[in-house]
Every structure is written in C-alpha cells, then in structure tokens.
Amino acid sequence: MGSARRRTIVVTALMGYAVLLALGPRLLGAWAGGVILVASFAVGFAWLVLLVAPWAARGRNRSLGR
C-alpha cells in the first residue's frame, strides 16, 4: 500500500471522527462517550500503524547503514 493511500485512510478516519465529535452527543445520547472513546482509540491506532510505523522503520534502516 502506498504512502498516499495510507494517508488518505487516516485523513478519512480523522474527518469521520470530527463529525462524530460534533454530532455524536445529539445522535447517540448517553452512548456518545463510549463510542467516542472507541473511535479515538481506532483513529490513533490507524495513525500509528499506517503513518508512524512505516516512517519509523524507514528511518531505522537508514540509521543502521542499510
């Protein structure tokens, strides 16, 4: 998967999360807190796995002289 596609996935997840933050309490009522908590974890995990991990792996290989 290319870098642009990974970035698109993360940006789309962030946009969905922003909409959830804005409309979640009105649409979900009492469940909004739990859903937002799970969504926060999912977006953070996607960011970490799709953007940070490949970047860190490339940096590590360069610093080892490979």
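What you are looking at is a predicted structure, and each value in this text was computed from that prediction instead of being measured. One-based numbering along the sequence shown.
- Evaluation of the side chain to side chain donor-acceptor pair (under 3.5 Å) test over residues 38-50, restricted to residues two or more places apart or in two chains, returns Tyr17-Ser40.
- Under the 4.5 Å side-chain heavy-atom criterion for ILVMFWY residues, a single connected hydrophobic cluster contains both Val52 and Ile9.
- When all heavy atoms are compared, the tightest approach of Leu20 to Ala39 is CD2-CB, 3.5 Å.
- In terms of hydrophobic clustering, with Ile, Leu, Val, Met, Phe, Trp and Tyr side chains grouped at heavy-atom distances under 4.5 Å, Phe45 and Val11 are assigned to different clusters.
- Within the model, atoms CD1 of Ile36 and CG of Leu28 stand 7.5 Å from one another, a figure rounded to the nearest 0.5 Å.
- Pairing each heavy atom of Arg6 with each of Leu50, the nearest pair is NE-O, 2.9 Å.
- Under the 4.5 Å side-chain contact rule for hydrophobic residues, Val49 and Leu14 do not share a cluster.
- Put simply, Leu27 and Met15 are part of two different groups of oily side chains (I, L, V, M, F, W, Y) that touch within less than 4.5 Å, one to the next.
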